Amino acid sequence: QVQLVESGGGLVQAGDSLRLSCAASGRTLSRNGMGWFRQAPGKERLFVAAINWSSSMRSYADSVKGRFTISRDNAKNTLYLQMNSLNPEDSAVYYCAADRSDGIVLSVNDYDYWGQGTQVTVSS
């Protein structure tokens with residue numbers, strides 16, 4: 001059984017940076033596409049960024065392009081999200097996800113494994 005555990009969230013001010021981590025256990029995910037999503041209170045879960053197994057392909061939501069960077073360390077079985085120039089609209093619970101395929105996956109409905117989420121709050 002795959003388990004994903006996010007960490008690195010917190011309360012920051014506008015303009016600050018945070019780095020989220022997602023540690024996988026249960027089996028190696030070095031051949032799996034992975035991604036980050038976020039969900040604000042009362043809203044649907046939205047795509048943030050995705051990466052394929054080899055890091056040769058990455059995709060970002062327009063709202064975070066140029067500010068966020070997704071990366072992975074397959075040796076550590078860990079996914080990262082570097083978030084710079086944060087603004088209050090970035091406040092949400094951030095979830096990491098893994099897919100059974102090795103490609104880049106953009107839809108929330110296509111992921112097979114999910115973490116429990118980590119809260120990110122950005123004050124103005």
Side-chain angles (χ1 to χ4, degrees):
Q1 183 70 14
V2 173
Q3 289 189 324
L4 303 174
V5 179
E6 302 94 337
S7 62
L11 172 63
V12 297
Q13 293 186 332
D16 285 351
S17 298
L18 276 177
R19 188 193 195 202
L20 305 184
S21 299
C22 172
S25 62
R27 69 173 182 88
T28 179
L29 294 180
S30 62
R31 291 286 179 170
N32 297 77
M34 299 188 73
W36 287 98
F37 289 76
R38 65 187 183 187
Q39 188 167 19
K43 296 189 176 181
E44 62 182 336
R45 192 170 296 188
L46 298 176
F47 169 75
V48 175
I51 189 168
N52 72 331
W53 74 276
S54 65
S55 303
S56 63
M57 293 191 293
R58 306 173 201 223
S59 181
Y60 298 93
D62 288 343
S63 58
V64 307
K65 206 170 289 184
R67 300 187 298 123
F68 291 11
T69 302
I70 188 171
S71 62
R72 64 191 297 164
D73 186 334
N74 287 340
K76 295 182 178 179
N77 224 18
T78 301
L79 178 72
Y80 303 99
L81 185 68
Q82 177 67 42
M83 306 187 295
N84 299 329
S85 302
L86 286 162
N87 59 64
E89 290 70 37
D90 295 317
S91 297
V93 177
Y94 282 72
Y95 298 89
C96 76
D99 186 63
R100 289 194 176 96
S101 74
D102 61 3
I104 195 163
V105 182
L106 306 184
S107 172
V108 65
N109 296 317
D110 291 338
Y111 278 92
D112 300 291
Y113 309 106
W114 291 88
Q116 293 300 305
T118 185
Q119 177 71 49
V120 171
T121 304
V122 184
S123 63
S124 57

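Note that the coordinates shown come from a computational prediction; the quantities given were computed from them, not determined experimentally.
Nearest heavy atom pair, residue Asn52 against residue Met57, reads OD1-N, 2.9 Å. Counting all heavy atoms, side chain and backbone alike, Leu29 lies closest to Ala24 at CD1-CB, 3.5 Å. Closest of all the heavy-atom pairs between Ala97 and Tyr111 is CB-CD2, 3.4 Å. Heavy-atom minimum distance, Pro88 versus Ser124: CG-CB, 3.8 Å. Across all non-hydrogen atoms, the minimal contact from Ser17 to Asn84 is OG-OD1, 2.9 Å.
The distance from the OG atom of Ser101 to the CZ atom of Arg31 is 13.0 Å, given to the nearest 0.5 Å. Here the CG-CZ distance, from Leu81 to Arg19, works out to 10.0 Å after rounding to the nearest 0.5 Å. Between the CD1 atom of Ile70 and the CD atom of Gln82 there is a distance of 12.5 Å, given to the nearest 0.5 Å. Within the model, atoms CG of Asn77 and CZ of Arg27 stand 9.0 Å from one another, a figure rounded to the nearest 0.5 Å. Taking CG of Leu79 as the start and OG of Ser21 as the end, the distance is 8.5 Å to the nearest 0.5 Å. In this structure, NZ on Lys76 lies 15.5 Å from OG on Ser30, to the nearest 0.5 angstrom.
Taking the salt bridge (charged side-chain N to carboxylate O under 4.0 Å, His left out) definition, one finds that Lys43 meets it with nothing, sequence neighbours left out.
Residues Phe47 and Trp36 are members of separate hydrophobic clusters, defined by side-chain heavy-atom contacts under 4.5 angstrom among Ile, Leu, Val, Met, Phe, Trp and Tyr. Under the 4.5 Å side-chain contact rule for hydrophobic residues, Ile51 and Val108 do not share a cluster.
Among pairs with a residue in residues 50-97, none fulfils ring-ring contact (aromatic ring centres under 6.0 Å, His included), at least two apart in sequence or across chains. Applying the salt bridge (charged side-chain N to carboxylate O under 4.0 Å, His left out) test to residues at least two apart or on different chains, the pairs with a partner in residues 87-102 are Arg38-Asp90, Arg67-Asp90, Arg100-Asp112.
The closest side-chain heavy-atom distance from Ser71 to Arg58 is below 4.5 Å. At least one side-chain heavy atom of Leu106 sits less than 4.5 Å from a side-chain heavy atom of Ile104.
Side chain of Glu6 to backbone of Gln116: a donor-acceptor contact under 3.5 angstrom is found.
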Please walk me through it: do Val120 and Leu20 pass side-chain contact (heavy atoms from CB on, under 4.5 Å)?
CA-CA 9 Å; Val120 171; Leu20 305 184; 4.1 Å; yes
Is there a side-chain contact (heavy atoms from CB on, under 4.5 Å) between Val64 and Met83 once you walk through the steps?
CA-CA 8 Å; Val64 307; Met83 306 187 295; over 6 Å; no
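In this structure, Gln119 places its CD atom where more than 12 heavy-atom neighbours from other residues, nucleotides or ligands lie under 6.0 Å away.
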